[in-house]
Amino acid sequence: FFPLAHLEKRFVGEDTPILEVPFRECLQVLKAYNDDLMTVFKPSAITEMDKVYKILEEIGYKNYIVSYAHPHQICKNARFTIASSSTTVLLDVYILGCLTIEYVCYDSRVHNALGGKSFYDDFVDYAIDRDQVALKTVLDKIIYSDVQVHRNDDKIKKHFPVLSTDKIKKLFEVITR
C-alpha cells in the first residue's frame, strides 16, 4: 500500500528536494519486486495523478492499481505500507497492524533535530532517509521473510485512546457553553 502526496511540495526546509524525488527513488527500488507483489497507490486530494502516471511509465513500473478506497480498507490485505512523504496515514495503518516504511528526505536541520528518526518515530517500523540500499534491504526482509508485526497495546491506548461519549462531551463542553 502506497499513499501518495503532492509531488511538487517540499516536506520542510530549504535543503529538501520536492516530494517527487523520494517517490521516484521508491519506485526504482520497488520495481524489482513487480513480479512478487502488487502495489496499491492511494492518491490524496492534492496528488497530481497525471504526473504519477507519467512517472510510472517513465520508470516502467508494472503490477499496480490506483484505489480511492479508504486507507483502512486498503491496508487490511497489505503486506506493508510505504510512504515517500511523512503522512498521518502511517499512524492509522500502524495502529491497524500493518508494517510501515517511511522513505523520506528531511531537511538537514529537521533530520538532526529528530536524531535521524521519523517524525512519527513511535509509529513507523522502518524509517529510511533517502537510502535506496537500506530500502532494498528492508523490502527483501519484509517480502521474502515471515516478518511478525508487534504492537504495544499500552502505547497505542496511551496515544490514541478510545473515548466514551461522556469523555467526549466533557472535552467539548467548553465550546458548547
Side-chain angles (χ1 to χ4, degrees), residues 1-75 77-94 96 98-143:
F1 169 40
F2 201 136
L4 300 173
H6 187 306
L7 299 177
E8 293 296 321
K9 181 179 171 187
R10 294 183 192 281
F11 178 62
V12 174
E14 302 152 0
D15 68 350
T16 59
I18 59 173
L19 293 176
E20 177 183 334
V21 174
F23 176 64
R24 281 181 177 276
E25 291 174 359
C26 279
L27 293 179
Q28 289 164 345
V29 175
L30 280 168
K31 179 182 172 184
Y33 305 95
N34 276 175
D35 291 339
D36 299 320
L37 62 93
M38 179 192 305
T39 306
V40 178
F41 293 105
K42 166 68 168 96
S44 70
I46 58 173
T47 304
E48 314 92 320
M49 285 308 295
D50 54 339
K51 188 167 203 140
V52 169
Y53 287 122
K54 182 179 177 193
I55 292 168
L56 290 167
E57 185 176 321
E58 288 172 6
I59 290 175
Y61 202 85
K62 307 287 183 214
N63 200 15
Y64 70 88
I65 61 170
V66 174
S67 175
Y68 289 88
H70 194 279
H72 291 194
Q73 290 299 108
I74 299 170
C75 83
N77 296 310
R79 183 95 181 223
F80 60 90
T81 297
I82 184 169
S84 58
S85 64
S86 190
T87 173
T88 57
V89 172
L90 291 174
L91 301 173
D92 293 337
V93 299
Y94 179 94
L96 293 169
C98 186
L99 284 171
T100 55
I101 303 169
E102 182 187 68
Y103 182 92
V104 296
C105 178
Y106 289 118
D107 178 90
S108 59
R109 294 164 295 181
V110 174
H111 180 79
N112 292 337
L114 294 173
K117 297 179 180 177
S118 167
F119 187 73
Y120 300 114
D121 182 49
D122 287 344
F123 302 98
V124 172
D125 296 301
Y126 302 95
I128 302 168
D129 187 32
R130 277 194 81 195
D131 182 341
Q132 288 178 298
V133 173
L135 178 58
K136 182 178 180 343
T137 300
V138 166
L139 290 172
D140 282 344
K141 178 180 175 182
I142 292 172
I143 294 168

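Source: prediction; values computed, not measured.
The shortest side-chain heavy-atom distance between Asp92 and Pro71 does not fall under the 4.5 Å cut-off. Under the 4.5 Å side-chain criterion, counting only non-hydrogen atoms from C-beta, Val21 is not in contact with Cys105. Looking at heavy atoms from C-beta onward, Val66 lies in side-chain contact with Met49 at the 4.5 angstrom threshold.
To the nearest 0.5 Å, atoms SG (Cys75) and CZ (Arg79) are separated by 15.0 Å. With rounding to the nearest 0.5 angstrom, the OH atom of Tyr68 is 10.5 Å from the CD1 atom of Ile74. From Lys62, atom NZ reaches atom CG of Asp35 across 11.5 Å, with rounding to the nearest 0.5 Å. Asp125 contributes atom CG, which lies 11.5 Å from atom CD of Glu102 (distance to the nearest 0.5 angstrom). Taken to the nearest 0.5 Å, the OG1 atom of Thr39 stands 12.5 Å off from the NZ atom of Lys31. Phe41 contributes atom CZ, which lies 9.5 Å from atom CD1 of Ile82 (distance to the nearest 0.5 angstrom).
Considering only residues two or more places apart in sequence or on other chains, Gln132 meets the side chain to side chain contact (heavy atoms under 4.5 Å, CB included) condition with Glu25, Gln28, Val29, Tyr103. Ala32 is linked by a side chain to side chain contact (heavy atoms under 4.5 Å, CB included) to nothing, counting only residues two or more places apart in sequence or in another chain. A search for side chain to side chain contact (heavy atoms under 4.5 Å, CB included) contacts involving Met38 returns Asn63, Ile65, not counting sequence neighbours. Phe23 pairs by the ring-ring contact (aromatic ring centres under 6.0 Å, His included) definition with Phe2, not counting sequence neighbours. Scored by the side chain to side chain donor-acceptor pair (under 3.5 Å) test, Glu58 finds Arg24 as partners (sequence neighbours excluded).
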* Please step through side-chain contact (heavy atoms from CB on, under 4.5 Å) for the pair Ile143 and Phe80, ending with a clear verdict. => CA-CA 9 Å; Ile143 294 168; Phe80 60 90; 4.0 Å; yes
* Under the side-chain contact (heavy atoms from CB on, under 4.5 Å) rule, what do Leu90 and Phe123 come out as? Steps first, then yes or no, please. => CA-CA 7 Å; Leu90 291 174; Phe123 302 98; over 6 Å; no
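Here the shortest heavy-atom pairing between Gly60 and Asn34 reads O-OD1, 4.2 Å. Minimum heavy-atom separation, Ser86 to Val104: N-CG1, 3.7 Å. Heavy-atom minimum distance, Pro22 versus Ser84: CG-O, 3.7 Å. Across all non-hydrogen atoms, the minimal contact from Pro43 to Leu4 is CA-CB, 4.0 Å.
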Could you pull out all donor-acceptor pairs under 3.5 Å where a side-chain atom in residues 135-142 meets a protein atom, sequence neighbours excluded?
unit_1 : atom_1 : unit_2 : atom_2 : d
Lys136 : NZ     : Asp140 : OD1    : 3.4
Lys136 : NZ     : Asp140 : OD2    : 2.9
Thr137 : OG1    : Val133 : O      : 3.0
Asp140 : OD1    : Tyr33  : OH     : 2.6

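Between Tyr61 and Tyr64, the ring-plane angle classifies as tilted under the 30° and 60° cut-offs.
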